[in-house]
Amino acid sequence: MFPFQTACHEFVMRTSQFLIATQKETPADAEIVSHQLMLRAGLIRKIAAGLYTWLPLGLRVLRKVETIVREEMDRSGAQEVSMPVMQPAELWEESGRWEQYGPELLRIRDRHERDFCLGPTHEEVITALVRDEIRSYKQLPLNLYQVQTKVRDEIRPRFGVMRSREFIMKDAYSFHVSQASLQETYEVMFDTYSRIFTRLGLEFRPVIADTGSIGGSASHEFHVLADSGEDAIAFSDASDYAANVEMAEALAPGETRAQPTAAMARADTPGVTTIDALAGFLSVESTTCLKTLVVKGDQDGALVALVLRGDHQLNTVKAAHLEGVASPLQMAAEDEVRAALGAGFGSLGPVGLDIPVYVDRAAAVLADFNCGANEDGVHFTGVNWERDCPLPQVADLREVVEGDPSPDGKGKLRIRRGIEVGHIFQLGDKYSAAMGARVLDETGKNVTMTMGCYGIGVTRIVAAAIEQNHDDSGIIWPHSMAPFQVAIVPLNMRKSEAVADAAETLYAQLRELGVEVLMDDRDERPGVKFADMELVGIPHRVVIGDRALAEGNLEYKGRRDADAQLVPQDKVIELLREKLG
RNA sequence: CGGGGCGUAGCGCAGUCUGGUAGCGCACCACACUGGGGGUGUGGUGGUCACAGGUUCAAAUCCUGUCGUCCCGACCA
């Protein structure tokens, strides 16, 4: 037996040997809390903008995430592969993305002047592989995945590992002869993702997502809920409906339009150009006012007016999907509007408009409303649809708000912010068709495979978990992600033999049981050790001090507990077993 | 790519306007004290003041250029 074998293992579980690179001060360039805490707790260090080294502690967390992802992917029937980070330009030319992708694709040239890129994703490589290897429908469906470093030359890397230039992603690609088979695998992946995020201990929502330009019939994003999230998501308080706010439908109001009671009148409103100002000027609620936005049409020089209730916001994704409206959405310039309609932004309204008009469902049921008169400094009051102006085509134009009825008819919508950590979608034949990935079907006919793809941002999960789980003292890891489960904190062990003995005994017992335990055997004062173990976020802490030990007790405290509890020395293992599940 | 901020020790910062010995706190090393919430004292280590050029007897400081980095926006999904 080689003595150093055990010695090496022994040492890494002790803070005196393990690299604990904590910092008291918050680095000035870290904006969000996860970035600050990852630096302060010594998980990562920046090497350049958007590029980070993972320190031992951080890497342990990253590996935890990867392990769970692998276990669940394997369990789903997917098979792991590993594809190169560096990829030949030819493949990207085949799919057409060498031209399409833009500067985010980091292109490099080798010594023979041949073009390559560092892969931001791997559709091309996997499709080429499957095209060459798979001949028959009998070999399908096939789902291949990898856990691999991706490179994206982000315009502006930010928020630490949340949006970095190099990151680890689990990406999977499935291949099918039929849409039905794709749908089946898609559902399996949906369930697998739900299992993964549940096991990781994160509060998440699968969210209906925009399929964007890629098309396809289904796409879901998985979001970790956190106030700092980049996306707004709407979900029902009474069902599992959840959608990106971009996609969430605002249902038509239940009530029908009331009969007119007021006569239309002209009001001089000098300098009133906002809904708030108008409501204030007329002493009415903003919900009785209409706002009229003008966007560019899909024909050159064409304009389209969009009418919303004063308190509502335009949803640009919905608007861009309207017939006759340019996609992506472009707001018209004010001088263009003035030339066409005779008034500037603050004085527009649906009365007498001779361009195409859409009205939002909520605005369409208003009666006796107030709106601009298409004349600067003038508004109308007491306006009614079909009496004073025609009712335009009604559409869902607005952004949903908290309290709206859920589109599935169950409950009300709540809105929270989310961090996108997973995305599954049905790709169809975009890549398989472009790259000629075909198989023979049961009738002997050549058919193009249909594909699904499924991504998880592994590095981003670490940051998202911290955004969701932290307090003033530092990180609070979910059990499944914690770098160590238990911290043993002996106080003054250099002087107290009893403390040292108790600590070493407990340490040995936990090691024997296979518990990931970190022994803080540094000759530091208690405050330093407590602060470090809390900052680093270890879920369970056992403090061993002379005081309690004299009574035969140790102290246990969970990371989220307010206070420690005394535990008889011989009951500690039992307690920890219970806590660790 | 547009706008703005910042580059001085590992981290946080002062010094720059008004040119004249490169500083403070934390961290780190040594010793002593202390020992239940980032402790105290004494003595230390560590800097090409982002880089290049210029002005000057003299540049962290003034001038010109370059680079890096952060924020906002646009872009991307």
Side-chain angles (χ1 to χ4, degrees), chain A residues 19-32 35-36 39-42 45-53 55 97 100-106 120-121 150 152-160 162-165 167 169 171 207 209-214 219-223 229-231 244 246-247 316-317 328-331 418-425 453 455 457 460 472-474 489-496 499-500 520 522-536 541-550 553-555 557 562-564 566:
Chain A
L19 180 55
I20 299 287
T22 55
Q23 292 177 180
K24 232 186 279 189
E25 309 235 27
T26 302
D29 56 6
E31 184 77 356
I32 60 172
H35 189 198
Q36 294 171 354
L39 290 166
R40 286 227 291 135
R45 285 290 182 263
K46 186 173 76 168
I47 194 71
L51 300 173
Y52 293 86
T53 293
L55 303 184
R97 290 209 288 186
Q100 281 168 24
Y101 216 96
E104 218 186 350
L105 182 65
L106 186 61
T121 175
K150 308 286 186 190
R152 289 187 191 170
D153 196 358
E154 288 279 349
I155 298 177
R156 182 145 88 85
R158 60 186 125 173
F159 303 147
M162 198 74 90
R163 186 172 288 268
S164 53
R165 290 198 285 186
F167 54 95
M169 191 163 153
D171 49 323
V207 161
D210 189 2
T211 46
S213 51
I214 296 164
S219 173
H220 285 86
E221 292 169 354
F222 286 75
H223 283 258
E230 288 187 285
D231 297 290
N244 200 307
E246 290 176 347
M247 295 290 292
T316 58
V317 172
L329 194 72
Q330 279 182 283
M331 301 305 290
I419 299 166
E420 183 186 344
V421 290
H423 196 167
I424 59 176
F425 62 100
C453 83
R460 182 180 271 195
D472 290 346
S473 302
V489 182
L491 304 182
N492 207 11
M493 77 187 285
R494 300 289 153 94
K495 294 226 176 115
S496 166
V499 167
D520 197 349
R522 296 174 297 175
D523 188 16
E524 289 286 356
R525 296 174 63 87
V528 173
K529 296 187 180 191
F530 294 155
D532 272 352
M533 292 303 108
E534 279 161 11
L535 174 60
V536 159
R541 185 184 82 185
V542 177
V543 172
I544 302 175
D546 266 324
R547 239 189 247 167
L549 200 57
N553 290 324
L554 308 183
E555 290 163 54
K557 181 174 176 297
D563 298 296
L566 286 176

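Each chain gets a letter, A, B and so on, in the order the sequences are listed, and its residues count up from 1. Note that the structure is predicted; figures quoted are calculated from it, not measured. All values below were derived from every heavy atom in this structure, side-chain atoms included, with hydrogens, water molecules and symmetry-related copies excluded.
For G36(B), its base sits under 3.5 Å from the side chain of Glu555(A) at one donor and acceptor pair at least.
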Identify each atom pair where a protein N or O and an N or O of nucleotides 66-70 of chain B are less than 3.5 Å apart, giving names and distance.
from, atom 1, to, atom 2, distance (Å)
U69(B), OP1, Ala49(A), N, 3.0
U69(B), O3', Lys46(A), NZ, 3.2

Protein N or O to nucleotides 42-51 of chain B N or O, pairs below 3.5 Å:
none

Distances for protein N/O vs nucleotides 26-30 of chain B N/O pairs under 3.5 angstrom?
from, atom 1, to, atom 2, distance (Å)
C26(B), O3', Lys24(A), NZ, 3.3

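Not a single salt bridge (Lys or Arg N to Asp or Glu O under 4.0 Å) links Glu104(A) to another residue, sequence neighbours left out. In terms of the salt bridge (Lys or Arg N to Asp or Glu O under 4.0 Å) criterion, residue partners of Glu534(A) (sequence neighbours excluded) are, by chain and number, Arg541(A). A search for side-chain contact (heavy atoms from CB on, under 4.5 Å) contacts involving Glu25(A) returns nothing, not counting sequence neighbours. Remark: Ile32(A) pairs with Ser34(A), His35(A), Phe159(A), Met162(A), Glu467(A) by the side-chain contact (heavy atoms from CB on, under 4.5 Å) rule, at least two apart or across chains. Under the salt bridge (Lys or Arg N to Asp or Glu O under 4.0 Å) criterion, Arg522(A) pairs with Asp520(A), Asp532(A), sequence neighbours left out. Residues that satisfy the side-chain hydrogen bond (donor to acceptor under 3.5 Å, both in side chains) test with Arg45(A), not counting sequence neighbours, are Gln23(A). For the side-chain contact (heavy atoms from CB on, under 4.5 Å) test, residues two or more places apart in sequence or in another chain that qualify with Asp231(A) are His223(A), Asn244(A), Glu420(A). With sequence neighbours left out, Lys150(A) forms a salt bridge (Lys or Arg N to Asp or Glu O under 4.0 Å) with Asp171(A). Lys46(A) meets the side-chain contact (heavy atoms from CB on, under 4.5 Å) test with Asp29(A), Tyr52(A); sequence neighbours excluded.
U40(B) and A32(B) make up a base pair, with Watson-Crick or G-U wobble contacts both under 3.5 Å.
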